[in-house]
Amino acid sequence: MDPHDSAHDVHRCDLCETAIPHSYCDFCHVNLCNSCIAEHISDDYEKHKMVSFQQQETTLIYPKCEVHPHKSCELQCNDCSIFVCTSCVGSKQHKGHDFWELEDIFKTKKDNIKKDAEELQNIISPTYEEMAQDLENQIVNLDEGYEKLTVEISKQGEEWHREIDVVITKMKKKISEIKVKHKDILHKHLNEIKQIQSLILQDLKATQEIEESNEASIVIEYNSENREFSKSPTEFKVSLPTFIPKPIDREKLYSLFGKITLLSTAIEQNVLLPKMPPNTSATKLLDEPKLDVKIQILQSMLSNVSYVDDEKIWISGETGEIKCFNIKGLLLYTVWTKSGEFPTDIAVDGNGDLLFSDWRTKSVYTSKNWQTEELIRLEEWTPCQLCVTSTGDILVTMYSDDISQSKVVRYSGSTEKQTIQFDEEGKPLFSGNSINKYIRENRNHDICVADYGASAVVVVNQDGELRWRYTGHSPTSKNKNFYPCGITTDSQSRILTADGENHCIHILDQDGEFLRYIDNCDLNDPWGLSVDNSDNLFVCEYESGNLKKIKYLK
């Protein structure tokens with residue numbers, strides 16, 4: 001018998017609770033055996049909709065309307081973010097609002113849930129299994145490794161006189177102590193990995209249950225935990241101590257007999273993403289970049305874009321609205337700034353939650369589950385652009401109240417960790433003004449700032465030390481001066497920056513060497529930039545309000 005099969009898996013009639021159901025009421029959402037059908041429909045035959053029990057698997061169960069209990073909600077109000085029925089649509093409360101069919105949202109969510117389940121099963125869970133196996137192998141091989149160390153020490157001791165026996169005993173004892181510590185460390189990490197494995201299995205089970213569910217509210221309210229699991233795993237290896245013999249000197253027996261190194265722990269952070277062939281050089285750039293998708297946002301002065309996935313692309317311009325579209329151009333969500341003024345920039349953190357800066361309130365906000373909260377509030381400085389680093393920190397460019405200074409500040413949550421403002425000679429790294437300074441962290445942890453006011457891309461290392469400046473390609477075929485706007489980086493640490501004046505995008509390598517322009521695809525005043533996991537480029541066109549997806553790699 002399959003251990004997963006049990007009496008609890010057998011469906012029963014919801015009325016008599018004993019017989020096997022053969023029918024399903026699509027109006028009341030109940031299972032019915034043949035004997036109970038007549039009783040069920042006796043109150044009002046015409047309102048009930050009977051289908052075979054097998055058909056109920058494909059029937060979407062809509063939530064009941066709270067305002068009109070006799071009706072089901074088949075729509076969602078995009079402006080109010082609530083489920084509504086057809087009667088609600090015509091009410092004053094929702095006059096002029098946009099509505100989306102729950103069936104469409106349901107299907108989109110179902111696809112995302114299926115992808116999450118596949119990622120948990122095929123990528124995340126196997127990775128943890130592999131790590132657990134590696135740790136177990138390290139533990140199994142501990143005795144052999146430490147036995148070799150003991151033998152080496154014994155051989156060295158045989159070459160010495162009897163008076164060094166005490167030294168040998170002391171060192172063997174030290175090795176035994178380190179071995180215990182070594183094993184404890186590995187066991188501790190193995191337990192942590194297994195705990196996470198257990199959570200993954202629980203989440204996978206819950207995800208699969210939701211995947212099989214037809215409850216619209218449950219499916220739509222589903223929140224993926226995959227990002228949290230994807231950024232957690234670490235490769236954990238503890239190297240064996242080594243024994244370093246020294247020449248015999250009886251006056252310094254203990255110190256010269258040898259040295260046992262302490263445990264060396266190497267930790268590497270893994271990001272669990274589907275493996276893709278790397279783009280290793282500029283030769284991978286397309287000779288002619290191609291326009292893949294064009295989305296008409298119907299909003300001019302479009303300046304910011306932050307790509308999460310094809311079902312979540314955040315954009316903003318010079319209004320108080322931050323909108324989320326999918327790749328088909330369907331508007332899914334709208335978030336409003338607290339001040340009602342336009343956000344100076346937007347970003348997305350490792351959990352997929354929206355961040356934005358508001359120049360009017362001098363604050364950085366986070367928006368999650370329709371709740372917007374203040375994360376950082378500045379005094380005497382105004383936030384401009386921002387980005388989230390690979391470690392989850394937030395980098396914010398800002399200018400002083402007297403508009404004479406600019407700097408970059410690194411935050412962990414709301415806690416300030418680092419300030420980057422001056423070079424080694426005490427000179428300002430960035431132009432002192434309130435003009436845009438878009439910022440991104442590169443894959444090599446360099447911090448890249450598109451300083452519009454300085455007509456330069458300024459790149460510093462993670463310690464804030466200046467690496468290089470780029471002031472445009474020379475000789476240039478462009479007619480106007482270089483004023484960089486948006487900036488982003490790709491998987492090979494290439495840097496892409498928008499040049500709105502010349503209607504093109506500059507591509508640089510990580511050391512500031514010019515590689516090529518993207519100056520086709522009918523680009524018109526490109527501004528905000530973002531790349532997806534496949535290194536496709538998303539470009540905001542400031543004047544036209546178009547969002548373009550451009551393929552620039554082979």
Side-chain angles (χ1 to χ4, degrees), residues 279 284-319 321-334 342-348 354 356 385 387 436 438-440 448 450 452 457 473 477-478 480 482-492 494-508 515-554:
N279 299 316
K284 295 292 184 179
L285 294 169
L286 281 174
D287 295 333
E288 186 82 4
K290 299 176 181 178
L291 178 62
D292 190 30
V293 176
K294 177 180 175 182
I295 302 172
Q296 178 62 52
I297 303 300
L298 299 176
Q299 173 182 326
S300 61
M301 296 181 287
L302 189 63
S303 51
N304 304 312
V305 57
S306 189
Y307 176 91
V308 182
D309 54 41
D310 281 356
E311 294 301 326
K312 188 180 288 186
I313 305 171
W314 290 100
I315 62 96
S316 70
E318 295 193 11
T319 71
E321 297 178 338
I322 306 170
K323 297 180 178 180
C324 183
F325 290 83
N326 65 16
I327 196 65
K328 297 179 181 179
L330 179 66
L331 177 62
L332 302 177
Y333 319 107
T334 301
F342 64 88
T344 40
D345 200 9
I346 60 176
V348 176
L354 177 68
F356 63 90
Q385 281 67 43
C387 72
N436 291 321
Y438 282 90
I439 185 169
R440 286 296 183 273
C448 310
Y452 188 101
V457 173
H473 181 49
S477 59
K478 305 306 176 186
K480 297 183 179 181
F482 173 60
Y483 292 104
C485 308
I487 193 168
T488 191
T489 63
D490 67 16
S491 65
Q492 296 302 308
R494 284 179 288 250
I495 300 165
L496 299 91
T497 187
D499 182 352
E501 294 290 326
N502 292 294
H503 307 295
C504 68
I505 293 164
H506 300 234
I507 304 180
L508 318 175
L515 299 179
R516 68 157 298 146
Y517 292 116
I518 300 177
D519 52 6
N520 59 340
C521 302
D522 293 323
L523 282 176
N524 179 24
D525 201 6
W527 203 268
L529 304 179
S530 185
V531 294
D532 64 17
N533 292 331
S534 299
D535 285 339
N536 294 304
L537 177 66
F538 287 80
V539 185
C540 287
E541 291 186 330
Y542 186 77
E543 292 293 341
S544 68
N546 291 326
L547 177 65
K548 292 181 175 179
K549 177 184 177 183
I550 296 175
K551 181 178 177 61
Y552 66 96
L553 298 178
K554 293 181 179 177

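The structure presented is a predicted model; accordingly, all values stated were derived computationally and were not measured.
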Any residue meeting side chain to side chain contact (heavy atoms under 4.5 Å, CB included) with Leu331, in chain and number order, not counting sequence neighbours: Asn78, Trp100, Lys323, Phe325, Thr334
message: Holding to side-chain hydrogen bond (donor to acceptor under 3.5 Å, both in side chains), I want the full list of residues that pass it with Tyr517, two or more places apart in sequence or in another chain.
response: Thr476
statement: Residues passing the salt bridge (Lys or Arg N to Asp or Glu O under 4.0 Å) test with Lys312, sequence neighbours excluded, are none
field: Contacts of Thr344 that satisfy side-chain hydrogen bond (donor to acceptor under 3.5 Å, both in side chains) - sequence neighbours left out
entry: Ser357
Sub-4.5 Å side-chain heavy-atom contact between Ile550 and Val539: yes
task: Using modelled atom types only, decide if a donor and an acceptor are shared between the side chain of Asn436 and the backbone of Tyr438 within a distance under 3.5 Å.
output: no
task: Compare every heavy atom of His503 with every heavy atom of Asp525, then report the nearest pair and how far apart it is.
output: N-ND1, 2.9 Å
- prompt: Who passes salt bridge (Lys or Arg N to Asp or Glu O under 4.0 Å) against Asp309, sequence neighbours left out?
  reply: none
message: Distance check, rounded to the nearest 0.5 Å: Ile487 atom CD1 versus Leu529 atom CG?
response: 8.5 Å
- request: Consider only side-chain N and O atoms of Asn524 and Glu543, and report whether a donor and an acceptor are under 3.5 Å apart.
  value: no
field: Residues that Ser316 engages under side-chain hydrogen bond (donor to acceptor under 3.5 Å, both in side chains), provided they are two or more places apart
entry: Asn304
message: When you measure from the side chain of Asn546 to the backbone of Lys548, do you find a donor-acceptor pair of N or O atoms at a distance under 3.5 Å?
response: no
query: So how far is it from Trp527 CH2 to Cys485 SG, rounded to the nearest 0.5 Å?
result: 4.0 Å
- request: Measure the OG-CG distance between Ser534 and Asp532 for me, rounded to the nearest 0.5 Å.
  value: 5.0 Å
query: So how far is it from Lys551 NZ to Cys521 SG, rounded to the nearest 0.5 Å?
result: 12.0 Å
- prompt: Looking only at heavy atoms, what is the nearest atom pair of Val293 and Ile327, with distance?
  reply: CG1-O, 3.9 Å
message: Between the side chains of Asp292 and Lys549, is the shortest nitrogen-to-carboxylate-oxygen separation below 4.0 Å, so that they form an ion pair?
response: yes
message: According to ring pair (Phe, Tyr, Trp, His ring centres under 6.0 Å), who are the partners of Phe482, at least two apart in sequence or on a separate chain?
response: Tyr470, His506
message: For a quick test of reading the model, state the closest non-hydrogen atom pair linking Pro343 to Gly317 and the distance between them.
response: CD-O, 4.0 Å
message: Test of understanding: with side chain to side chain contact (heavy atoms under 4.5 Å, CB included), list the residues that count as partners of Glu318, not counting sequence neighbours.
response: Met301, Phe342, Tyr542
- request: May I ask you to test the Val305-Leu547 pair for a side-chain heavy-atom distance under 4.5 Å?
  value: yes
message: Ignoring hydrogens, what is the shortest heavy-atom contact between Leu537 and Thr488? Give both atom names and the distance.
response: CD1-CG2, 4.0 Å
- prompt: Which residues pass the salt bridge (Lys or Arg N to Asp or Glu O under 4.0 Å) test with Asp310, sequence neighbours left out?
  reply: none
task: Please identify each residue that fulfils side chain to side chain contact (heavy atoms under 4.5 Å, CB included) with Ile507, with sequence neighbours left out.
output: Leu285, Arg494, Leu496, Leu515, Arg516, Ile518, Tyr552
task: In sequence, state the C-alpha distance, the side-chain angles, and the governing distance for Tyr307 and Ile315, and then conclude on side chain to side chain contact (heavy atoms under 4.5 Å, CB included).
output: CA-CA 9 Å; Tyr307 176 91; Ile315 62 96; over 6 Å; no
statement: Residue set satisfying ring pair (Phe, Tyr, Trp, His ring centres under 6.0 Å) with His473, at least two apart, ordered chain then number -> Phe514
task: Working to the nearest 0.5 Å, report the span between CD1 of Ile322 and CD1 of Ile346.
output: 6.5 Å
Nearest heavy atoms of Pro484 and Ala450, plus distance in Å: CB-CB, 3.9 Å
- request: Would you please name every residue forming a salt bridge (Lys or Arg N to Asp or Glu O under 4.0 Å) with Lys478, sequence neighbours left out?
  value: Asp519
message: If you compare all heavy atoms of Glu541 against all heavy atoms of Asp522, which two are closest, and at what distance to 0.1 Å?
response: OE2-O, 3.3 Å
message: So, taking the atom named CG in Leu332 and the one named CD1 in Ile313, what distance separates them when rounded to the nearest 0.5 Å?
response: 9.5 Å
